[in-house]
2 protein chains.
Amino acid sequence: MQKVTMKDVAKLAGVSTSTVSRVVSDDDRISQDTKEKVLEVMEKLNYYPNSAARSLANKETEIIGLVMPSYEEDIFINPFFQEVLKGVSSITSKNSFDILIATNHEGEDDLDVLKRIVQTQRVDGLILTRSKKDDEGIKYSKEHNIPFVLIGSCLEYDDIPAVDNDNKQAAYNLTSLLINKGRRKIAFISGEINSIVTLKRYKGYLNALQEHDIEVNDDYFISDEFLEESGYKLMSELLKLNDKPDAIVCADDLICVGVLKRIKESKKYNVPEDIMLASFNNTILAKYSNPTITSVDINSVQLGKKASKKLINNLNKKSKSDNSKEILDYKIIKRDSTLLNNE
Amino acid sequence: MQKVTMKDVAKLAGVSTSTVSRVVSDDDRISQDTKEKVLEVMEKLNYYPNSAARSLANKETEIIGLVMPSYEEDIFINPFFQEVLKGVSSITSKNSFDILIATNHEGEDDLDVLKRIVQTQRVDGLILTRSKKDDEGIKYSKEHNIPFVLIGSCLEYDDIPAVDNDNKQAAYNLTSLLINKGRRKIAFISGEINSIVTLKRYKGYLNALQEHDIEVNDDYFISDEFLEESGYKLMSELLKLNDKPDAIVCADDLICVGVLKRIKESKKYNVPEDIMLASFNNTILAKYSNPTITSVDINSVQLGKKASKKLINNLNKKSKSDNSKEILDYKIIKRDSTLLNNE
DNA sequence: TTGTACGCGTTATCAT
DNA sequence: ATGATAACGCGTACAA
């Protein structure tokens, strides 16, 4: 680990550190000659500007923080996260940002983490995901004027920068699909019940039932976490019912494969003949499970892309930020879990 | 975004900034009284130390860089990555570190990225993954005394801190399993051919063949990338052969599901009856595909954990670093892709 | 135990 | 177009 500084470069190039600094930041007001000379010396000395010093002086880190709520233990399991990360990464690449994954330090809750990385100025802005009801992170960020973009929705505020799908409509359509296949006893299995995305999907599900005059059965709405195990466990509950469902809407593919596993183990019911399955996020799991699962493609990679674009835009123009909400398309990918042989 | 500094805290608490600094870094030589007083003021003013200033002063960022080679486009697709991240994150949490995901900025190659985040001192150390032959990142890190740990192996140096499985032995055992099932025409499909993990697995595969006096057929070793599409494409090649394989070892689950997909589409061959499949990494894909896939569990989460532990240890004790190599267990998870009905 | 004063490496302001 | 100099906010010898 060497430590070539601007001073060294300046001295060898016979200029002042300000000049070197201007070369580094590609300032206009500098002659082509000195610029080349300085660049040459930088190359020769293998100079890299110290980013701490930079940040200290200009208040910018060129780092974006990606915050995932830890209440979802799946963060590092669910392919959704990875796809978002992929999208974010592709944009930060083009804009010379890096990504910070904040981790809950000893004794920290989610809000603490957010506060810390923002207030210690480790990052220039945040991408928040999977909002909850009365989400503290959103509230804090908004009240403290922290640049952020939400992937998802927020019920409390209307003027926050966000990117989302119309999950309610998607759930409505997905449920309607099952109804149109003749199913009436449709259950809804979800993860964290206070997550906005869950609520929206649940609402869409309910709307579909009501619109088709199907009575809502309370036993058919159960939730746990966004985990495979949760799906397995919750399906066990459903199988205990006297009046078992003939179709299930899952809030997530990961949950859905758990559900599927449980159904298979029962050896009594077949998918899709006895129980149809429909799910969300269209991850690789839905594509390769047996049977393949009908799932809503929410465009996760695009969610990450759009969110980081919006954030970086807001960071650049220091004027007023773009607090608009963007709604991305979704698409129901029909697969075997809702396809009967005679169709 | 406020900007409470030590000065503010010092003033209000009626002490000097050095005293505040000592409280922040939990210095011993300070009276309980003033400590409490300062802490109180910090709380009241909502003070957070500026991390740029800290880094500048003490040369530490408390950030670990996670470097994934971009030659594998799968980085953000392959569950392996996410599992490693999960392991890393669980350790950084306990040690008050955060994680930086470096992204290739415009015009940067992989080595450039590594150089940049290290030389600009954005991170204290690196976790490298998926090493290649004559890996430039490893060479650079070693030559410049950059604290790093490799997840994987390195052929050129013997004294670098690393965590890995015995992939050669695993491949040997996996291939032997197929041979013991009576298969003789065993192909090996891999990703990036210069990645060390590919080479090791290939070697183990070869060893198994040789030990069982099976002639090596050059047509049976093909490679592309660590992608589903690659598996699909490569399987198409194999199906064109006159002498088709009756078993395939895949270097990765993602590749394997692509292979499986292609086999199914052929409508001529069944897994495992006509073609057995065995793979690596035991991701959720292997567990839920149809048929389920026999795969080597390499303990990805543990790889991430051990690597970050080792790195953080080396960062803490500034003495001589632990350059040992740790070999983790692996386990072949047998599933339907190698299980005949009559067994 | 506490305070003073300087250094960390860069950017920004103000001259020239 | 270039240079001198003062921040930026914190850590740390050194002094008290």
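Here is the naming used below: chain letters follow the sequence lines, and residue numbers restart at 1 for every chain. Below, all heavy atoms of this structure are taken into account, side chains as well, without hydrogens, waters or symmetry copies.
In this structure, A/Asn50 atom CG and D/dC8 atom P are separated by 18 Å, rounded to whole Å. We find that CD of A/Glu62 is positioned 14 Å from P of C/dT10, with the value rounded to whole Å. Going from atom CE of A/Met6 over to atom C1' of D/dT5 covers 15 Å, rounded to whole Å. Put simply, CD on A/Gln121 is 12 Å from C1' on D/dC10, counting in whole angstrom units. D/dA7 atom P lies 14 Å from atom NZ of B/Lys3, rounded to whole Å. Separating the CG atom of B/Asp33 from the P atom of C/dT2 is a distance of 8 Å, rounded to the nearest angstrom. For the pair B/Asp26 CG and D/dG11 P, the computed distance is 12 Å after rounding to whole Å. Here C/dG3 presents its P atom at 15 Å from NZ of B/Lys11, a figure rounded to the nearest Å.
Between B/Thr19 and A/Arg22, the residue whose closest nucleotide on DNA chain C is further toward the 5' end is B/Thr19. Place B/Thr17 and B/Ala57 on DNA chain C by their nearest nucleotides, and B/Thr17 ends up nearer the 5' end. Nearest-nucleotide positions on DNA chain D place A/Ile30 closer to the 5' end than the other of A/Ile30 and A/Ala53.
Of the side-chain N and O atoms in B/Arg54, none sit less than 4.0 angstrom from OP1 or OP2 of D/dG9. Contact between the side-chain N/O atoms of A/Ser31 and the OP1/OP2 oxygens of D/dT2 is found at a separation under 4.0 Å. Phosphate proximity of C/dT10 to A/Tyr48: absent, as no side-chain N or O sits under 4.0 Å from OP1 or OP2. The phosphate of C/dT10 has neither OP1 nor OP2 within less than 4.0 Å of any side-chain N or O from A/Ser21. In terms of phosphate contacts, B/Ser16 brings no side-chain nitrogen or oxygen within less than 4.0 Å of OP1 or OP2 of C/dT4.
Nearest to the side chain of A/Leu56, among C/dC8, C/dG9, D/dT2, sits C/dG9. The B/Lys59 side chain lies nearest to C/dC8 when the options are D/dG9, C/dC8, C/dT11. Picking from C/dT11, C/dT2, D/dG11 the nucleotide with the shortest atom distance to the side chain of B/Asn58 gives D/dG11. Proximity note for B/Thr5 (side chain, C-beta onward) versus C/dG9, C/dT13, D/dG9: the nearest is D/dG9.
Note that SG of A/Cys154 is 9.0 Å distant from CG of A/Asp159, once rounded to the nearest 0.5 Å.
Taking the centre and axis of the six-membered ring of B/Phe81, the NZ or CZ atom of B/Arg130 falls outside the cone set by 45° and 6.0 Å. Both tests pass for A/Lys142 against the ring of A/Tyr157: distance under 6.0 Å to the centre and angle within 45° of the axis.
With B/Ser131 as reference, B/Leu150 is the one residue of B/Val197, B/Leu150, B/Leu155, B/Asp164 to meet the side chain to side chain contact (heavy atoms under 4.5 Å, CB included) rule.
Residue-level contact check: A/Arg29 touches the bases, meaning some heavy atom is under 4.0 Å from a base atom. The residue A/Val20 sits apart from the nucleic acid: no heavy atom pair falls under 4.0 Å. As judged by a 4.0 angstrom heavy-atom cut-off over every strand, B/Val24 is placed among residues making no nucleic acid contact. Counting any heavy atom pair closer than 4.0 Å across all strands shown, B/Ser18 reaches a base atom. Across all strands shown, B/Thr34 has heavy atoms under 4.0 Å from sugar-phosphate atoms exclusively, and none from any base.
Ion pair B/Lys35/B/Asp28 not flagged as a salt bridge, since none of the NZ, NE, NH1 or NH2 atoms sits closer than 4.0 Å to an Asp/Glu carboxylate oxygen. Contact check on A/Glu326 versus A/Lys310 returns a salt bridge, with a Lys/Arg side-chain nitrogen under 4.0 Å from an Asp/Glu carboxylate oxygen.
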